[in-house]
Structures are given as C-alpha cells and as structure tokens.
Amino acid sequence: MDFQAVFLILQLDFSCPITMNIYTLLGDKTRQCLQALYQLQADDSLLQLQKTKKEFEGDLTLVVFPFIKAAKKSPEATAEEIGSWLLQHTPELSSYNVIKGFLNLSFSASYWLNTLQDIAGDTDFGLFEAGESAPLVMIEYSSPNTNKPLHLGHIRNNLLGFSLSRIVAANGCRVVKTNIVNDRGIHICKSMLAWQKWGKGETPESSGKKGDHLVGDYYVLFDKNYKQELAELQKQGLSLEEAENTSLLMQEAREMLRAWEAGDSEIRSLWETMNNWVYLGFDESYAKLGVDFDKIYYESQTYLSGKEKVLEGLDKGIFYRNEDGSVWADLSSEGLDRKLLLRADGTSVYMTQDIGTAALRFEEYPIDKMIYVVGNEQNYHFKVLSILLDKLGFAWGKDLVHFSYGMVELPEGKMKSREGTVVDADDLIEEMISTARETSEELGKLDSCSSEEAADIARIVGLGALKYFILKVDPRKNMTFNPKESIDFNGNTGPFIQYTYARIRSVLRKAEELGYRAQVQEQLADRLADKELSLIKNLYEFPVVVKEAGNSYSPAVIANYVYELAKEYNQFYHDYSVLYETNSDLRDFRILLSDQTAKVIRTALYLLGIEVPERM
RNA sequence: GGACCGGUAGCUCAGCUGGAUAGAGCAACAGCCUUCUAAGCUGUAGGUCUUGGGUUCGAAUCCCAACCGGUUCACCA
C-alpha cells in the first residue's frame, strides 16, 4: 500500500455554509465563458484557478495558457477577452488585470464586506459539525511503555494525535481518542527486577519522585548493571552474543516474564504496584500537556485476544504453522516476506497484540476508519498490520491510516535513552513555562495581574510556544530540537499568535467599555483599505484550510495559516487605529474585523490544542 | 543489498495536485513607542531550491539516474 496515497483517503463533503465558494463560483463562470467564446468544454484539469500572489493585484488568478490553442490568440489577448466576459457576467467581480498569461480577478469590496458579516454570523465558523451518521474515526496516539517517563518524541506524538483528533472532528467526523498502553513484556520486567534487587522499598511517596520517573530510574539501573555484567563476561573471553545468553540478570528478567505470564501472584502484585506509579505520573504529564483520551487499552488485556484471532486465522487457513509450532503469515503474494505471529512456545509478539487490540476495538466501536499516530520507523509494521487485518476480515483494515510522523532529533542526531540524551517531557514543559514567566516579568506585562492569573498565563504561553514549535512542522518530516537554544517566543511562534489575540481582546474590552458596537454599514465598501480587505480574505480562507488540514492530516496547515493571519492583523493594527478612528462607521467596522480575527485565531489554535490568554 | 522517506538562506522551517521576480522566522545590521499591549512594525543583507538528464509554452514542484542523510527489512516493542 502506498502510504502517501493513504493520506488522501479522508474525503468529506463539505459546502461552505458562509458564502458560495469563490472558487466554485468563478469556476462555473469560466466554464460558461470558455463555452461561449471558444466552444470549449473545459474539464477541471484545464481550469487552473489559484489565489493571486501577494505582489499582484487581485483575489483569484486564472491561468490562461491552457486555452490559447482553442482561442487562437496570444495569451494576453485571450486573458483580456476572458476577463472582459467574466466581468460583464459576474456581479461579484469588480475588476481584472492581465499580466502575461495570467488573468487576475478582483471581487468587489462590498462582496467582501458581506462576507465579513456572514462570518460574524457563524459562531462555529470553520468547524463542520458531525451528524449522527457521520463516519466514526478512531485515533490512537501516545502509546507509551510503562518502563520509562515520556520524552520529547512522545510529546510530538501526543500533540499531533490530539490536534489531529480535533481537526478530524472539525471536518464533520465523530472521533474516539484512544491510547494503547504497553504495560507488559520484558522491558517492564527489567524495571521490576532492578527495583526488587536494589530498590530497598523506595516508593514515589518515600522519595518524592514522580512515579514514572522512579520506575524509569530502575530501568536505567538495570541497563547499567546488565552492561557491567556483559563487560565482565566478555573479559572472561566470551563473545558479546555468548555473554548476552549467559547473563544472569537477563535470565532473571526472562524468568520474571514467565512468572508474570503464569499469573504468579507476587509478581503480578509488584507489576500492578509499579504500573500504577507510572500511570499516576503519566496522568500528570498528560494533564499538563492538555491531552486526553476517550478510551484506554492495555496490552495486558488485549494480547490474549490477539492469540485467539491468530489461531482463528490458522483454522481458516489464512496463516500456517511451522514445524516448530510457531505460526506465520505468508505475505509473498503482497510482495512481502513472511511474518511471525506466535512463537513456538505460544507467546505472542508485537503484531499479535496489535491484532488483538484491533479486534477488541471493533467489538466495542463500529469504526469506519482507524488512524494510528505512530512514528515512521514503524511504516513496515503498519503496512503488514493493514494486510493482516484485511485478511482477518476487518472492514477498515485495508484502509487503516498510519499517520506516520518523523523523529525529533537533536543537533547531534537521534535521542538515545541509554546515552542520557533524551529530552524529558516534564522537564521541557516546566522549562517552557518558567521561560514564559521570566519573559512576562522582564517585560512587566503582568504587573497588574494576580499571581494566579500570571501563573496561568505563563502556563498558556509556555505551552503555546512548545506546541506551536512542534505542530508547525510538516508531521512527516524529521525535525530538529536544539536544547541549548530554547524555543523562541518571537517571530513565527505560538506566543506571537497568542499575543496578537491578547492585543485584540484588549482593544475589544475597551471598545465595550466605551459602548462601541461591532457592526458593518454597507456604504463603507469603497472606503476600505487594502489591508482591511486582505484581512477579510484571510478570514474567508479559514474553512478551506480546515478542510485541507483534514484531508492531508496536517496540523501544520492550520499552524501556517494562523501565523499568516496574525501577521496580517499586526500589520493592520500598526497602520490603523481602531478606537481612535473618528469615523464611527469605520471604527465599528474595525471592531468587528478585529473581533472576527480573534475568533478565527482562537478556533485555529483550538484545533492545534493551544489555549489563548486574554492578556499577556 | 531490497523497500520507504527526506535534501530549499548561516540556523529552523513554508512553498511540492507544474505557473508570474522561490517565501517566513531566528541570528546580523539600520530604523519605529506623548495614540488601542514594542512578545509588535518597517527596512538592509543573505539562494547553482544536492547534482545531472528528461517531459513541458513553463519545473523547487512531475519522471529517470546519481550523491548525501534517515528509517526499516527481529522469535524487540
């Protein structure tokens, strides 16, 4: 399966409830025009209508090169002819200009003024409600292991997953956010064993450590001792492989796993205790990040159902059994290799668990589409999972979406937990918040606020900086995080956008105090400045952007849009006064324009999971 | 080695369903606070879009090849 193509699967009908889409409108007119002038039946591939580039005058640009053969005229003459026809037959248009083979068309100011009014009338502007029969989309994200705390990679996963769920919901789908916790396996046993051996009964309470960090420390401790043991064994002349097989620590860990699987009560009890420490820690991190789930699955509860499904598949002849008793899927007809599903001793592997989880999910929810937010290192895994689920008869298996995102790297390269170069999630969040607080203090922004308010604003802004930093990047690409240069608060950043919002709110509060009303008078149309018109046009684009973000599963599309919008507003804010405008009609219009800009900024940031401060 | 993904300013990133002079931010430099929040605004400088072919009226964008980087091809998860 082509994973690029999969990104385009979610095709949802939407009609802009605000106004007739200007692309549709002009597209239809242009078709009529080409028919009338040149008897040309133009299909969509010939009709190239695009947003006019900033440096030219106009709103939409028609590329006329494709029509010059039919017109039997030069590009300029063709464009001129079409432009003239369109202007005559389209009341919404006010003018056109021709540059080379490009026909730039402008909609009238009163058209845009009406558009602003329509936008203002729609409180959920840009969001498309999910009806009862809307597709049910389940989004899996986070998926942590319970042997170590969350790090920057998990942050990217969580932020992408959470934002994606809001974007998909905004595109008119019903959404279930889900998490699959990997709470069993050899890695968990390593932490448990180390704690048993060297922990001296340490608990989160006794040490004051966050539970997930405490367990993580024992995982590291295990690794340290294991490494030491390996080194000693190698000194005695064993090869690395031999040493790994001889290691007593590892043998003990494996023994513990067997005991766990056998249901040994002491081991199970320790396991539950330590996992609960971790969950309390995770809950805290999730809460701080502002992400949540509708349904959490645990692999300890799903892996057995995976075994069942695999054995069912074996009975049906979908899979086969090897001489040693292991169970395999033959994927050679799909151009892939064979894949192990159950070991000879009957224990399950990663794939088995994912099949089991999928089966349970489908029993509980009538899923139309399943989206897995998982790093791109697992592309192959999901390719195989998709095929296997399809073979097992899950309707959504074939079209499951692996939302495959890139790694977060440090300037030196990959983060490596063993080398201690991972960026801890809790630390980073704290750091962002305290940087935000320091910045506010330096600038004296929050002197008039209560300390609770100031703390909340620092939290909102610090998290906004972190979230925007991560979400503005195309999810598919690897991204670099440099811990030495802390995340910026100026320029193309979350705080920049939040600041724009806070500024507008400040103006609006004052407008309210002064008793001004946000409203539009029709006769204002010919008095509007270019900057004001272009702001309205930016607002108008929002629903299109939401749809595009949904179709391409990309929060980055929203992020780039809202940055552009904020920048546009700041320019307007710099050049024009709102409250001191002496013409009251113009003043009231600017209040409305500001109000609507704030609304769209708030909604766009909401789709990114970023909060907005009333002041900052 | 096979498969997949990426390579755009010093740095971090947009732009990629082919379209006009390749855009932002950071860093650097020069300006703008007696008017609604200067976390802002304006300007200067910075580019063989990895390379070479091809398709086209037109290529950063599509195709082919090479180079570089990453991931994966586990009875790890």
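Here the structure is a predicted model, which means the values were calculated and not measured. Note on naming: letters A, B, ... go to the chains in the order of the sequence lines (proteins, then strands), and numbering restarts at 1 for each one.
You can call A:Phe102 stacked on the base of B:A20; the centres are under 5.5 Å apart and the planes sit within 30°. In this structure, A:Phe496 forms no aromatic stack with the base of B:G40, since the conditions of centre separation below 5.5 Å and plane angle below 30° are not both met.
Across all strands shown, A:Gln498 has no heavy atoms under 4.0 Å from either base or sugar-phosphate atoms. Among the atoms of the strands shown, none is found under 4.0 Å from any heavy atom of A:Phe469. Residue contacts shown for A:Val63 include a base, since a base heavy atom lies under 4.0 Å away. In this structure, A:Asn322 reaches neither bases nor backbone, as no heavy-atom distance under 4.0 Å exists between it and the strands shown. A:His381 comes within contact range of no nucleotide atom at all, as no heavy-atom separation falls under 4.0 Å. Within 4.0 Å of A:Thr61, counting heavy atoms only, lies at least one base atom of the nucleic acid. At the heavy-atom level, A:Thr480 lies under 4.0 Å from the strands shown only through sugar-phosphate atoms. Within 4.0 Å of A:Asp575, counting heavy atoms only, lies no atom of the nucleic acid at all. Using a 4.0 Å heavy-atom criterion, one finds that A:Met616 contacts the bases of the nucleic acid, with or without backbone contacts as well. In this structure, A:Ala556 reaches neither bases nor backbone, as no heavy-atom distance under 4.0 Å exists between it and the strands shown. In this structure, A:Tyr576 reaches the bases: a heavy-atom distance under 4.0 Å links it to at least one base atom across the strands shown.
Atom CG in A:Leu340 sits about 10 Å away from atom P in B:A77, given to the nearest Å. In this structure, CD of A:Glu441 is placed 15 Å from C1' of B:A39, rounded to the nearest angstrom. Note: CZ (A:Arg503) to P (B:C36) measures 10 Å, nearest angstrom. Distance A:Phe65 CZ to B:C57 P: 12 Å, rounded to the nearest Å. For the pair A:Asp474 CG and B:A60 P, the computed distance is 20 Å after rounding to whole Å. Rounded to an integer number of Å, the gap from A:His574 NE2 to B:A38 P is 9 Å. One interatomic measurement links the two molecules: CG of A:Asp354 to P of B:A74, which rounds to 17 Å at whole-angstrom precision. A:Glu377 has its CD atom 16 Å from the C1' atom of B:G69, to the nearest Å.
Side-chain N/O atoms of A:Asp324 and base N/O atoms of B:C75 include a donor-acceptor pair closer than 3.5 Å. Judged by distance alone, with hydrogens and angles left aside, A:Asp337 brings no side-chain donor or acceptor close enough to the base of B:A3 to form a pair under 3.5 Å. The base of B:A39 is not paired with the side chain of A:Thr493 by any donor and acceptor separated by under 3.5 Å. Between the side chain of A:Thr500 and the base of B:A39, no donor-acceptor pair under 3.5 Å is found.
B:G25 and B:C33 have their C1' atoms separated by 23 Å, with the value rounded to a whole Å. Comparing the P positions of B:U48 and B:G70 gives a spacing of 24 Å, expressed to the nearest Å. Atom C1' of B:G19 sits at a distance of 9 Å from the matching atom of B:A59, rounded to the whole Å. For the P atom pair drawn from B:U50 and B:G15, the interatomic distance equals 15 Å after rounding to whole Å. Going from the C1' atom of B:G46 to that of B:A22 covers 14 Å, rounded to whole Å. Atom P of B:G23 sits at a distance of 32 Å from the matching atom of B:C68, rounded to the whole Å. Comparing B:U21 with B:C32, their C1' atoms sit 28 Å apart, to the nearest whole Å. Nucleotides B:C13 and B:G6 are separated by 14 Å at their C1' atoms, to the nearest Å.
Summarising the base pairing, B:A14 is matched to no nucleotide, lacking a Watson-Crick or G-U wobble pair whose two defining distances lie under 3.5 Å. Of all nucleotides present, only B:U71 satisfies the Watson-Crick or G-U wobble test against B:A3, with each distance under 3.5 Å. In this structure, B:C32 and B:G40 make a Watson-Crick or G-U wobble pair, each of the two defining distances being under 3.5 angstrom. Base pairing annotation: B:G46 forms no Watson-Crick or G-U wobble pair, as no partner gives both donor-acceptor distances under 3.5 Å. Nucleotide B:A22 has no partner under the Watson-Crick or G-U criteria, as no pair reaches both atom distances under 3.5 Å.
When each of B:C26, B:U37, B:A77 is scored by its nearest atom to the side-chain atoms of A:Asn182, the top-ranked nucleotide is B:A77. Of the candidates B:A77, B:G70, B:U35, the closest approach to any side-chain atom of A:Tyr580 belongs to B:U35. Residue A:Asn570 places its side chain closer to B:C41 than to any other of B:A39, B:C41, B:G19. Of the candidates B:A3, B:G19, B:A24, the closest approach to any side-chain atom of A:Pro66 belongs to B:G19.
A:Glu568 has a carboxylate O that lies under 4.0 Å from a charged side-chain N of A:Lys531, or vice versa, which qualifies the two as a salt bridge. Note on A:Asp474 versus A:Lys477: no salt bridge recorded, every NZ/NE/NH1/NH2 to OD/OE distance being 4.0 Å or above. Between A:Arg184 and A:Glu299 no salt bridge is recorded (no basic side-chain N to carboxylate O distance below 4.0 Å). Electrostatic pairing of A:Glu255 and A:Arg258 counts as a salt bridge here, judged by a charged N lying under 4.0 Å from a carboxylate O. Ion pairing between A:Asp345 and A:Arg343 fails under the 4.0 Å rule for side-chain N and carboxylate O. Under the 4.0 Å criterion applied to side-chain N and carboxylate O atoms, A:Glu334 and A:Lys339 are not assigned as salt-bridge partners. Taking a cutoff of 4.0 Å between a charged side-chain nitrogen and a carboxylate oxygen, A:Lys100 and A:Glu76 do not qualify as a salt bridge.
Contact annotation: A:Lys445 does not reach the phosphate of B:U37 (side-chain N/O to OP1 or OP2, under 4.0 Å). Considering only side-chain N and O atoms, A:Tyr499 lies under 4.0 angstrom from the phosphate OP1 or OP2 of B:A39. Contact between the side-chain N/O atoms of A:Lys510 and the OP1/OP2 oxygens of B:U37 is found at a separation under 4.0 Å. Look at A:Arg343 and you'll find a side-chain N or O under 4.0 angstrom from OP1 or OP2 of B:C76. Contact annotation: A:Lys54 does not reach the phosphate of B:A20 (side-chain N/O to OP1 or OP2, under 4.0 Å). Under 4.0 angstrom from either OP1 or OP2 of B:U71 there lies no side-chain N or O belonging to A:Gln378. When the side-chain nitrogen and oxygen atoms of A:Asn490 are compared with OP1 and OP2 of B:G40, one or more of them lie within a distance under 4.0 Å. Between A:Lys477 and the phosphate of B:G15, there is no side-chain N or O to OP1/OP2 separation shorter than 4.0 Å. Phosphate proximity of B:U37 to A:Ser506: present, with a side-chain N or O under 4.0 Å from OP1 or OP2.
Mapping A:Glu548 and A:Ser577 onto RNA chain B via the closest heavy atom, the residue that lands nearer the 5' end is A:Glu548. Map A:Asn376 and A:Asp345 each onto its nearest nucleotide of RNA chain B; the residue landing nearer the 5' end is A:Asn376.
Between A:Phe65 and A:Phe102, the two ring planes are perpendicular [angle over 60°; tilted spans 30° to 60°]. Ring geometry, A:Trp271 versus A:Trp260: the interplanar angle exceeds 60°, so the pair is classed perpendicular (tilted spans 30 to 60°).
Counting only heavy atoms from C-beta outward, the side chains of A:Leu62 and A:Leu26 never approach each other to under 4.5 Å.
Taking 90° from 0 as the syn/anti boundary, the base of B:C33 is oriented syn.
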